[in-house]
Chemist: 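Got a structure for you, questions after.
This structure is a prediction, so every number in the text was calculated from the model and none was measured. Indexing begins at 1, ligand by ligand and atom by atom, following the structure's order.
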Amino acid sequence: MLPRLHYGTTAKIFHWLIVALLVVQYPIGWLMPDIHRGQQPGVGMILHISFGISILILIVLRLAWRLSHPVAPESTLPPWQRLSSELMHWMLYFLVLATTLTGWLFASFRGWSVSYFYLFPLPMLASDNAAAGKAIDGLHQAAEWTLLVFIVFHVVAAFAHMFIYRDRVMQRMLPG
Ligand code: HEM
Ligand code: HEM
């Protein structure tokens with residue numbers, strides 16, 4: 001399939017919807033109270049898990065959309081910027097998947113039963129397992145911080161294109 005030259009409306013909606021959910025998700029993650037073994041999750045954790053599962057569903061749909069609707073890098077970019085932006089974008093997809101899946105596994109190993117926004121019970125991936133939970137907790141934290149570092153680089157690059165290079169890269173992801 002020939003790559004398109006521009007992102008379509010669907011790709012833009014996926015991009016900005018996931019950005020908005022991540023802006024909510026990080027503060028909830030940092031502010032929600034710690035839950036000790038044997039305790040059931042409170043409102044903060046239920047919201048964190050529900051937003052997290054929403055991000056997971058959206059990133060899987062977005063990835064499927066991206067694979068079936070390839071978009072060429074901006075043609076005016078030098079080769080090193082084309083390559084580094086492609087690499088950065090695939091890493092962002094991978095890291096969102098890694099963060100959401102490690103979070104879901106962690107909640108599963110805690111043996112919790114959690115509802116999606118208090119609407120219906122969420123399926124869990126595994127049963128109660130303290131040792132596995134400890135290991136995966138470290139992975140969720142590593143994934144969430146690595147994702148944040150990549151997001152910072154990505155956003156700095158986007159603004160560098162807007163204000164320093166003054167090219168059309170930022171325009172590609174904006175409405176219109
Ligand atoms: C991209 C999406 C996600 C982000 C950015 C994120 C971010 C975070 C953050 C910042 C924390 C606080 C940990 C710390 O103090 O460093 C956290 C904890 C946690 N997250 Fe996520 N999370 C995401 C998705 C999920 C999902 C999908 C689930 C479960 C289905 C989940 C379950 C948890 C749990 C159970 C904790 C508590 C860990 C603990 O008590 O040590 N997260 N997350
Ligand atoms: C203020 C925040 C952000 C701005 C200004 C921004 C800007 C952009 C721009 C301009 C592009 C198009 C780049 C190009 O044409 O080569 C893009 C693509 C992309 N952005 Fe962001 N972004 C932001 C936040 C995020 C966040 C938080 C994520 C995390 C998941 C993300 C993930 C991606 C991905 C995966 C692509 C590549 C899309 C594809 O090719 O499928 N962005 N972004």
Chemist: Could you check Ile46, Ile53, Leu47 and say which one makes a side chain to side chain contact (heavy atoms under 4.5 Å, CB included) with Ile49?
Modeler: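 In the set Ile46, Ile53, Leu47, the residue that makes a side chain to side chain contact (heavy atoms under 4.5 Å, CB included) with Ile49 is Ile53.
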
Chemist: Any idea which atoms of ligand 2 are less than 4.0 Å away from a heavy-atom of Val155?
Modeler: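 This gives 2 (C), 3 (C) as the contact atoms.
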
Chemist: Suppose we measure from atom 13 (C) of ligand 2 to each protein heavy atom; which comes out shortest, and what is that distance?
Modeler: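 The protein heavy atom lying closest is His89 CE1, 3.7 Å.
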
Chemist: Heavy atoms only: which of Arg168, Arg82, His154, His69 is nearest to atom 25 (C) of ligand 2?
Modeler: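 It is His154 that holds the nearest heavy atom.
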
Chemist: Closer than 4.0 Å to some heavy atom of Met45 - which atoms of ligand 1 meet that?
Modeler: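 This gives 34 (C), 35 (C), 36 (C), 37 (C) as the contact atoms.
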
Chemist: Can any side-chain N or O of Trp16 pair as donor or acceptor with the backbone N or O of Met173 at less than 3.5 Å?
Modeler: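 Between the backbone of Met173 and the side chain of Trp16 there is a qualifying donor-acceptor contact (under 3.5 Å).
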
Chemist: Is there a heavy atom in Ile35 that sits closer than 4.0 Å to ligand 1?
Modeler: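 Contact check Ile35 vs ligand 1: negative.
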
Chemist: In terms of atom number and element, which parts of ligand 2 are under 4.0 angstrom from non-hydrogen atoms of Val19?
Modeler: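 This gives 24 (C), 25 (C), 26 (C), 27 (C) as the contact atoms.
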
Chemist: Under 3.5 Å, is there a donor-acceptor pair between the side chain of His89 and the main chain of Ser85?
Modeler: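 Side chain of His89 to backbone of Ser85, a donor-acceptor pair under 3.5 Å: yes, one is there.
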
Chemist: Under 4.0 Å from a heavy atom of Val96: which atoms of ligand 2 are those, numbered in the order shown and with their elements?
Modeler: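 With Val96 as reference, the close atoms of ligand 2 come out as 30 (C).
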
Chemist: Counting only N and O atoms by type, is there a donor-acceptor contact under 3.5 Å from the side chain of Lys12 to the main-chain atoms of Gly176?
Modeler: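 At least one qualifying donor-acceptor pair exists.
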
Chemist: If you have a sec, work out which protein heavy atom is nearest atom 14 (C) of ligand 1 and how many Å separate them, to one decimal?
Modeler: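 Of the protein heavy atoms, Glu144 OE2, 3.5 Å lies nearest.
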
Chemist: Looking only at distances, please establish whether an N/O atom of ligand 1 is found under 3.5 Å from an N/O atom of Asp34.
Modeler: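 No, since none of the N or O atoms of Asp34 sits under 3.5 Å from an N or O of ligand 1.
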
Chemist: Identify, for atom 32 (C) of ligand 2, the protein heavy atom at the shortest distance, and state residue, atom and that distance.
Modeler: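 Checked against all protein heavy atoms, atom 32 (C) of ligand 2 sits closest to Leu92 CD1, 3.5 Å.
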
Chemist: Can you tell me which residue and heavy atom of the protein come closest to atom 4 (C) of ligand 2, and the distance to 0.1 Å?
Modeler: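 Looking at atom 4 (C) of ligand 2, the protein heavy atom closest to it is Trp16 CH2, 3.6 Å.
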
Chemist: Would you say the side-chain atoms of Tyr165 and Gln81 include a donor-acceptor pair closer than 3.5 Å?
Modeler: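 Yes - a donor-acceptor pair under 3.5 Å links their side chains.
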
Chemist: Please list the nearest protein heavy atom to atom 15 (O) of ligand 1 with its residue and the distance rounded to 0.1 Å.
Modeler: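 Of every protein heavy atom, Gln141 NE2, 4.2 Å lies nearest to atom 15 (O) of ligand 1.
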
Chemist: Which heavy atom in Ser127 sits nearest to a heavy atom in Phe109, and how many Å separate them?
Modeler: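 Taking Ser127 first and Phe109 second, the nearest heavy atoms are O-CD2, 3.6 Å.
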
Chemist: Please name the atom of His140, limited to N, O or S, that comes nearest to atom 21 (Fe) of ligand 1.
Modeler: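 That would be atom NE2.
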
Chemist: Sub-3.5 Å donor-acceptor pair from the side chain of His69 to the main-chain atoms of Trp65, do we have one?
Modeler: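 Yes, His69 side chain to Trp65 backbone: donor-acceptor pair under 3.5 Å.
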
Chemist: Please compare Phe106, Phe109, Trp112, Tyr116 and report which has the shortest non-hydrogen distance to atom 38 (C) of ligand 1.
Modeler: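 Looking at heavy atoms only, Phe106 sits closest to atom 38 (C) of ligand 1.
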
Chemist: Tell me the contacting part of His15 for ligand 2: side chain, backbone, both, or neither, using a 4.0 Å heavy-atom threshold, strictly below.
Modeler: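 For His15, only side-chain atoms sit under 4.0 Å from ligand 2.
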
Chemist: Which ligand 1 atoms are under 4.0 Å away from a heavy-atom of Tyr26?
Modeler: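 Those atoms are 5 (C).
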
Chemist: Spell out, as yes or no, whether a donor-acceptor pair under 3.5 Å connects the side chain of Arg110 to the backbone of Pro41.
Modeler: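 Here the side-chain-to-backbone pair does not exist.
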
Chemist: For atom 34 (C) of ligand 2, which of Arg62, Met173, Lys12 has the closest heavy atom?
Modeler: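 Looking at heavy atoms only, the winner is Arg62.
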
Chemist: Tell me: protein heavy atom nearest atom 24 (C) of ligand 1, and distance?
Modeler: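 The protein heavy atom lying closest is Gln25 NE2, 3.3 Å.
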
Chemist: May I ask you to check whether Tyr118 and Ser50 show a side-chain donor-acceptor distance below 3.5 Å?
Modeler: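 No, Ser50 and Tyr118 have no side-chain donor paired with an acceptor closer than 3.5 Å.
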
Chemist: Return yes or no for this condition: an N or O of Arg66 is under 3.5 Å from an N or O of ligand 2.
Modeler: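 Min N/O separation from ligand 2 is below 3.5 Å for Arg66.
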
Chemist: Considering only heavy atoms, which of Leu105, Leu122, Thr102, Leu22 lies nearest to atom 1 (C) of ligand 1?
Modeler: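 Of the listed residues, Leu22 has the closest heavy atom.
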
Chemist: Give me the nearest non-hydrogen protein atom to atom 12 (C) of ligand 1 as residue plus atom name, then the distance to 0.1 Å.
Modeler: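 The protein heavy atom lying closest is Gly29 O, 3.1 Å.
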
Chemist: Output yes when a side-chain donor or acceptor of Arg82 lies under 3.5 Å from a complementary backbone atom of Ser75, and no otherwise.
Modeler: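 Side chain of Arg82 to backbone of Ser75, a donor-acceptor pair under 3.5 Å: yes, one is there.
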
Chemist: Relative to the heavy atoms of Ile151, which atoms of ligand 2 are at a distance of less than 4.0 Å?
Modeler: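 Close to Ile151: 27 (C).
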
Chemist: Can you tell me the protein heavy atom closest to atom 18 (C) of ligand 1 and the distance?
Modeler: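 Sorting protein heavy atoms by distance from atom 18 (C) of ligand 1 puts Met32 CE, 3.5 Å first.
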
Chemist: Tell me, do Glu144 and Leu95 make a side-chain contact under 4.5 Å, heavy atoms counted?
Modeler: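 They are not in side-chain contact.
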
Chemist: Quick one: does His140's side chain have a donor or acceptor within less than 3.5 Å of a partner on Gly103's backbone?
Modeler: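 Side chain of His140 to backbone of Gly103: a pair is present.
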
Chemist: Is there a chain of hydrophobic side chains (I, L, V, M, F, W, Y, each step under 4.5 Å between heavy atoms) that links Val114 to Leu119?
Modeler: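 Yes, one cluster joins them.
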
Chemist: Would you call the rings of Trp30 and Tyr26 parallel, tilted or perpendicular, taking 30° and 60° as the class edges?
Modeler: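 Taking Tyr26 first and then Trp30, their aromatic rings sit tilted (interplane angle of 30° to 60°).
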
Chemist: Tell me: protein heavy atom nearest atom 2 (C) of ligand 1, and distance?
Modeler: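 Of every protein heavy atom, Thr100 CG2, 3.7 Å lies nearest to atom 2 (C) of ligand 1.
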
Chemist: Quick one: which of Gly103, Ser108, Ala98 has a heavy atom closest to atom 31 (C) of ligand 1?
Modeler: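 Result: the heavy atom closest to atom 31 (C) of ligand 1 is in Gly103.
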
Chemist: Compare every heavy atom of Leu147 with every heavy atom of Leu22, then report the nearest pair and how far apart it is.
Modeler: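 Shortest heavy-atom separation between Leu22 and Leu147 comes out as CD2-CD2, 4.5 Å.
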
Chemist: For Thr100 and Val96, work out which heavy atoms get closest and say how close.
Modeler: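 So the minimum-distance heavy-atom pair works out to OG1-O, 2.8 Å.
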
Chemist: Please identify which atoms of ligand 2 are closer than 4.0 Å to at least one heavy atom of Met170.
Modeler: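 Once the distances to Met170 are compared, the set is 5 (C), 10 (C).
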
Chemist: Starting from atom 6 (C) of ligand 1, what is the nearest protein heavy atom, named by residue and atom, and what distance separates them?
Modeler: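 For atom 6 (C) of ligand 1, the nearest protein heavy atom is His48 CE1, 3.4 Å.
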
Chemist: Check for me whether Leu56 has a heavy atom closer than 4.0 Å to any atom of ligand 1.
Modeler: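 No, that is not the case, since the closest heavy atom of the residue is not under 4.0 Å from the ligand.
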
Chemist: Say whether, by atom type as modelled, one donor and one acceptor occur between the side chain of Arg62 and the main chain of Ile57 under 3.5 angstrom.
Modeler: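 No.
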
Chemist: Could you work out, for atom 41 (O) of ligand 2, the closest of Trp90, Tyr7, Tyr93, Phe94 by heavy-atom distance?
Modeler: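 Shortest heavy-atom distance from atom 41 (O) of ligand 2: Tyr93.
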
Chemist: Backbone, side chain, both or neither: what part of Phe14 comes under 4.0 angstrom of ligand 2, heavy atoms only?
Modeler: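 The answer is neither; Phe14 stays 4.0 Å or more away.
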
Chemist: With respect to Trp104, determine whether any N or O atom, backbone or side chain, lies less than 3.5 Å from an N or O atom of ligand 1.
Modeler: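 No, since none of the N or O atoms of Trp104 sits under 3.5 Å from an N or O of ligand 1.
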
Chemist: Just distances here: any N/O of Trp30 and N/O of ligand 1 closer than 3.5 Å?
Modeler: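 No.
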
Chemist: Any side-chain to backbone donor/acceptor pair from Gln25 onto His48? Under 3.5 Å, distance only.
Modeler: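 Looks like yes, one N/O pair under 3.5 Å.
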
